[in-house]
**Q** 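Here it is: the structure, laid out below.
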Amino acid sequence: MSVVQALEDEIIVNEDSIVSLPNDFTFSSKRSRFQQTTVGALFCQMMKEELEDCDVAMVNGATIKGDISYENVQMSYAELKNELPFPTKMCLVEMTRRELYKAIQYSRTAVEDGIDLDAEEVPRRGYLQVDYDFDQRWMKESLADVDFGDDDGDETNDDDSTILRIALPRNLLSGFCKIKPLVDVGNRLKQEGGFPGED
């Protein structure tokens with residue numbers, strides 16, 4: 001076996017490396033444009049734990065390309081490259097809790113122009129995959145049922161103005177996938193002089 005092939009086959013994710021995720025879950029990246037996936041949750045969880053002072057990590061579903069369910073809770077380097085074949089430039093920015101909630105909700109409900117609304121299910125390139133810790137909170141507190149659309153909408157149990165440090169793809173702040181709440185955050189950061197710069 002060549003050195004290159006050995007590197008491709010090396011297992012880089014397994015049950016031992018998954019600290020925050022339970023062992024009895026289906027490890028899958030299927031339908032990342034339609035739903036939260038466990039592979040998406042794992043990727044985001046690992047980013048959050050790797051970065052300093054990161055409260056929530058998220059990526060849009062279109063960046064995850066594998067669309068497969070894994071037989072075991074493990075992933076090789078080659079499989080990782082199949083899941084994330086393109087470079088995704090991440091940045092760390094400050095957002096209010098309300099801005100975060102609005103962005104996630106919008107990404108999972110809004111429909112981009114040109115999408116067939118008569119389809120049985122509508123794919124969303126921007127469907128935000130979030131880290132496992134935050135996903136559990138989102139479900140536990142039924143945040144999907146809260147209206148974050150208006151400034152005077154329903155309130156959550158937390159102070160909506162709490163500042164959080166969020167890791168996300170930089171291009172989402174510039175309008176990729178047209179997630180309006182993130183574009184609004186990007187515009188605010190530009191006005192404040194805090195928009196993430198080029199590498």
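Atom set for the values below is all heavy atoms of this structure, side chains included, hydrogens, waters and symmetry mates excluded.
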**Q** Are the side chains of Cys44 and Leu42 in touch, meaning some heavy atoms are under 4.5 Å apart?
**A**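 Not touching, per the 4.5 Å side-chain cut-off.
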**Q** If you round to the nearest 0.5 Å, how far is CG of Asp135 from CD of Gln36?
**A**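 Going from the CD atom of Gln36 to the CG atom of Asp135 covers 4.0 Å.
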**Q** CZ/Phe134 to CD/Gln45 distance, rounded to the nearest 0.5 angstrom?
**A** 12.5 Å
**Q** Determine yes or no for a side-chain-to-main-chain donor-acceptor pair under 3.5 angstrom, with Glu79 supplying the side chain and Ser76 the backbone.
**A**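 A pair under 3.5 Å: yes.
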**Q** Please find the pair of heavy atoms, one from Thr37 and one from Gly40, that lie closest to each other, and give the distance.
**A** OG1-N, 2.9 Å
**Q** Shortest non-hydrogen contact from Ser29 to Gly66?
**A** OG-C, 3.7 Å
**Q** Can you confirm whether Arg33 sits close enough to Ile64 that some side-chain heavy atom of one is under 4.5 Å from a side-chain heavy atom of the other?
**A**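 Of all side-chain heavy-atom pairs linking Ile64 with Arg33, none is under 4.5 Å.
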**Q** So that I can tick it off, tell me whether Glu52 and Arg165 are bridged by a salt bridge, with the cut-off set at under 4.0 angstrom between side-chain N and carboxylate O.
**A** no
**Q** Does Phe86 form a side-chain contact (heavy atoms from CB on, under 4.5 Å) with Lys65? I'd like the steps, not just the answer.
**A** CA-CA 9 Å; Phe86 305 113; Lys65 303 292 189 184; 3.8 Å; yes
**Q** Give, for atom NZ of Lys48 and atom CD1 of Ile166, the distance between the pair rounded to the nearest 0.5 Å.
**A**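 Taking NZ in Lys48 and CD1 in Ile166, the distance rounds to 10.0 Å.
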**Q** Any donor-acceptor pair under 3.5 Å linking the side chain of Ser107 with the backbone of Ile179?
**A** no
**Q** Is it true that a side-chain atom of Arg124 and a backbone atom of Ala110 form a donor plus acceptor pair closer than 3.5 Å?
**A**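 The answer is yes, because a donor-acceptor pair under 3.5 Å joins these two groups.
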**Q** Can you tell me how far OG of Ser32 sits from CD of Glu83, rounded to the nearest 0.5 angstrom?
**A** 8.0 Å
**Q** Taking the side chain as every heavy atom from C-beta outward, state whether Met95 and Leu164 have any pair of such atoms under 4.5 Å apart.
**A**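 A side-chain contact under 4.5 Å is absent here.
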**Q** Quick one: closest heavy-atom pair of Val39 and Tyr70, and the distance?
**A**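 In terms of heavy atoms, the two residues are closest at CG2-CE1, 4.0 Å.
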**Q** Taking all non-hydrogen atoms of both residues, which atom of Pro181 and which atom of Lys102 are closest, and how far apart?
**A**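 Nearest pair, atom of Pro181 first, then Lys102: CG-O, 3.7 Å.
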**Q** Group every Ile, Leu, Val, Met, Phe, Trp and Tyr by side-chain heavy-atom contacts under 4.5 Å, then state whether Leu84 and Met47 land in the same group.
**A** yes
**Q** Using only atom types and a distance under 3.5 Å, with no angle test, would you say the side chain of Thr38 pairs donor to acceptor with the backbone of Thr26?
**A**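 At least one qualifying donor-acceptor pair exists.
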**Q** Looking at every non-hydrogen atom in both residues, tell me the closest pair between Phe195 and Ser174 and how far apart they are.
**A**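 So the two residues come closest at CZ-OG, 3.4 Å.
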**Q** Is the count of non-hydrogen atoms from other residues, nucleotides or ligands lying under 6.0 Å from Glu192 atom CD greater than 12?
**A** yes
**Q** Identify whether NZ of Lys or CZ of Arg in Arg170 sits under 6.0 Å from the centre of the six-membered ring of Phe176 and within 45° of that ring's axis.
**A** no
**Q** May I ask you to test the Gln136-Tyr132 pair for a side-chain heavy-atom distance under 4.5 Å?
**A**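 Side chain of Gln136 against side chain of Tyr132, heavy atoms only: contact under 4.5 Å found.
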**Q** So if you build clusters from Ile, Leu, Val, Met, Phe, Trp, Tyr with side-chain heavy-atom gaps below 4.5 Å, do Val111 and Tyr127 land together?
**A**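 Shared cluster, no.
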**Q** Could you tell me how the ring of Trp138 sits relative to the ring of Tyr101: parallel (under 30°), tilted (30 to 60°) or perpendicular (over 60°)?
**A** perpendicular
**Q** Inspect the contact between Asp184 and Lys180 and indicate whether a charged nitrogen and a carboxylate oxygen are less than 4.0 angstrom apart.
**A** yes
**Q** Under 3.5 Å, is there a donor on one side chain and an acceptor on the other for Asn60 and Gln129?
**A** no
**Q** Within a strict 4.5 Å, meaning less than it, do heavy atoms of the Asp160 and Thr96 side chains meet?
**A** no
**Q** Please report the interatomic distance CZ(Arg97) to CG(Asp55), rounded to the nearest 0.5 Å.
**A** 8.0 Å
**Q** Looking at side-chain heavy atoms only, is the closest gap between Phe43 and Asp131 below 4.5 Å?
**A**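 No, too far: nothing below the 4.5 Å cut-off.
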**Q** Evaluate the side-chain proximity of Val183 to Leu173: yes if any heavy-atom separation is below 4.5 Å, no if none is.
**A** no
**Q** Can the positive tip of Arg31 be found less than 6.0 Å from the middle of the six-membered ring of Phe34, inside 45° of the ring normal?
**A**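 Arg31 over Phe34 ring: yes.
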**Q** For residues Arg108 and Gln35, is any side-chain donor paired with an opposing acceptor at under 3.5 Å?
**A** no
**Q** Supply the atom-to-atom distance Leu168 CG to Lys89 NZ, rounded to the nearest 0.5 angstrom.
**A** 14.5 Å
**Q** Would you mind reporting whether Leu172 and Val59 have side-chain heavy atoms less than 4.5 Å apart?
**A** no
**Q** Look at the side-chain heavy atoms of Ile, Leu, Val, Met, Phe, Trp and Tyr, link any pair under 4.5 Å apart, and say whether Leu92 and Ile104 land in one connected group.
**A** no
